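For clarity, every value in this text was computed on a predicted model and none was experimentally measured. What you see below is based on every heavy atom in this structure, not just the backbone, and it leaves out hydrogens, waters and symmetry mates.
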Amino acid sequence: QVQLMEAGGGSVQAGGSLRLSCTTSGDSYSGTCLGWFRQAPGKEREGVAAISTDSGAPFYADTVKGRFTISQDTAKKTVYLQMNSLKPEDTAEYYCAAESPADGPFCFMWPLDAYKYWGQGTQVTVSS
């Protein structure tokens with residue numbers, strides 16, 4: 001079992017920045033894929049970024065590549081999502097999720113049902 005708690009959402013103007021954090025507890029932090037997902041009203045949940053807790057290798061959706069950075073603090077068992085150059089279309093509920101154990105050394109945001117553990121979400125609103 002893995003428990004996840006997100007923090008850091010809020011409202012910002014277009015072009016601004018926010019940093020989300022996801023603190024984990026429960027089963028071993030190592031050997032896990034941690035991912036960030038988002039869901040806007042009326043839209044399907046989509047993957048944003050993922051990171052391997054073992055290798056630290058990140059992976060990004062094309063829509064956020066170059067603007068968002070996923071990172072981790074293994075001592076704190078926490079993963080971060082630094083979001084820069086935010087756009088109104090980034091507005092969504094953001095969720096942290098864990099695939100534990102990870103299926104290999106590289107992590108992606110699919111398949112979605114590989115992520116068994118989810119946080120409660122944090123709202124990000126970007127105004128134009």
Side-chain angles (χ1 to χ4, degrees):
Q1 291 285 331
V2 180
Q3 293 80 43
L4 306 110
M5 180 68 70
E6 303 100 334
S11 297
V12 65
Q13 290 191 325
S17 298
L18 283 173
R19 188 177 82 154
L20 307 182
S21 64
C22 173
T23 302
T24 72
S25 61
D27 285 354
S28 175
Y29 182 80
S30 63
T32 298
C33 288
L34 292 174
W36 285 100
F37 299 80
R38 66 187 182 186
Q39 188 166 19
K43 295 189 177 181
E44 292 186 353
R45 189 167 297 190
E46 64 172 349
V48 175
I51 190 168
S52 164
T53 60
D54 284 350
S55 68
F59 186 83
Y60 299 96
D62 288 343
T63 52
V64 305
K65 201 173 294 183
R67 300 188 298 123
F68 290 12
T69 302
I70 189 171
S71 63
Q72 64 175 342
D73 184 328
T74 56
K76 295 182 179 180
K77 298 183 179 182
T78 298
V79 63
Y80 302 96
L81 186 69
Q82 177 67 44
M83 305 185 293
N84 298 329
S85 303
L86 282 161
K87 304 175 182 180
E89 50 264 44
D90 295 317
T91 295
E93 188 82 6
Y94 282 70
Y95 298 90
C96 177
E99 177 189 356
S100 180
D103 184 21
F106 299 102
C107 295
F108 307 98
M109 294 80 74
W110 62 83
L112 192 62
D113 60 5
Y115 286 84
K116 302 296 186 186
Y117 307 101
W118 292 81
Q120 82 289 351
T122 186
Q123 178 67 34
V124 171
T125 302
V126 184
S127 58
S128 58

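- For the pairing with E6, the side chain to side chain contact (heavy atoms under 4.5 Å, CB included) check across T122, L81, T23, V79 returns one residue only, T122.
- Looking only at side-chain heavy atoms (C-beta outward), L86 and F68 come within less than 4.5 Å of each other.
- Between A92 and R38, the closest heavy-atom pair is CB-CB, 3.8 Å.
- A pairwise comparison of heavy atoms in D54 and S30 identifies OD1-CB, 3.4 Å as the closest pair.
- Y80 and V12 are members of different hydrophobic clusters when ILVMFWY side chains are connected at heavy-atom separations under 4.5 Å.
- A salt bridge is defined here as a Lys NZ or Arg NE, NH1 or NH2 lying under 4.0 Å from an Asp or Glu carboxylate O, and K87 with D90 fails to meet this definition.
- Closest approach of S52 and C107 over heavy atoms only: CA-SG, 3.5 Å.
- Annotation for A40 and T91: closest pair CB-O, 3.7 Å, computed over non-hydrogen atoms.
- Here the CD-OH distance, from Q1 to Y117, works out to 4.5 Å after rounding to the nearest 0.5 Å.
- Between L4 and L34 there is a side-chain heavy-atom pair separated by less than 4.5 Å.
- Using a 4.5 Å heavy-atom cutoff, the side chains of L20 and M83 are in contact.
- Side-chain contact between Q82 and S17 is present, with at least one heavy-atom pair separated by less than 4.5 Å.
- Side-chain atoms of S100 never come within 3.5 Å of backbone atoms of A98 as a donor-acceptor pair (strictly under, hydrogens ignored).
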Fill in: From CA spacing to verdict: side-chain contact (heavy atoms from CB on, under 4.5 Å), T32, V2
CA-CA 10 Å; T32 298; V2 180; 5.6 Å; no
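- I51 and Y94 end up in the same hydrophobic cluster when Ile, Leu, Val, Met, Phe, Trp and Tyr side chains are linked at under 4.5 Å.
- Annotation: side chain of E89 is not in contact with side chain of V126 (no heavy-atom distance under 4.5 Å).
- Using a 4.5 Å heavy-atom threshold, the side chains of L112 and F37 count as touching.
- Counting heavy-atom neighbours within 6.0 Å of E44 CD, excluding the residue itself, gives a total of 12 or less.
- In this structure, the side chains of Y60 and R67 stay at 4.5 Å or more apart for every pair of heavy atoms.
- Of all heavy-atom pairs spanning C33 and F106, the tightest one is SG-O, 4.3 Å.
- Taking 4.5 Å as the limit, some side-chain heavy atom of W118 sits within range of a side-chain heavy atom of R45.
- From D113, atom CG reaches atom CD of E99 across 9.5 Å, with rounding to the nearest 0.5 Å.
- Here the shortest heavy-atom pairing between I70 and P58 reads CG2-CB, 3.6 Å.
- Once rounded to the nearest 0.5 Å, the distance linking CD of E93 with NZ of K43 reads 15.0 Å.
- No chain of hydrophobic side-chain contacts below 4.5 Å, direct or via other Ile, Leu, Val, Met, Phe, Trp or Tyr residues, connects M5 to W36.
- The NZ atom of K77 sits 13.0 Å away from atom SG of C22, with the distance rounded to the nearest 0.5 Å.
- Relative ring orientation between F59 and F108 is described as perpendicular, the plane-to-plane angle rising above 60° on a 0-90° scale split at 30° and 60°.
- Within 6.0 Å of CG on N84 lie more than 12 heavy atoms contributed by other residues, nucleotides or ligands.
- Between atom CD of residue Q13 and atom OG of residue S127 there is a gap of 5.0 Å, rounded to the nearest 0.5 Å.
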Worksheet item: T74 and T53: side-chain contact (heavy atoms from CB on, under 4.5 Å), yes or no, with the steps?
Response: CA-CA 7 Å; T74 56; T53 60; 5.8 Å; no
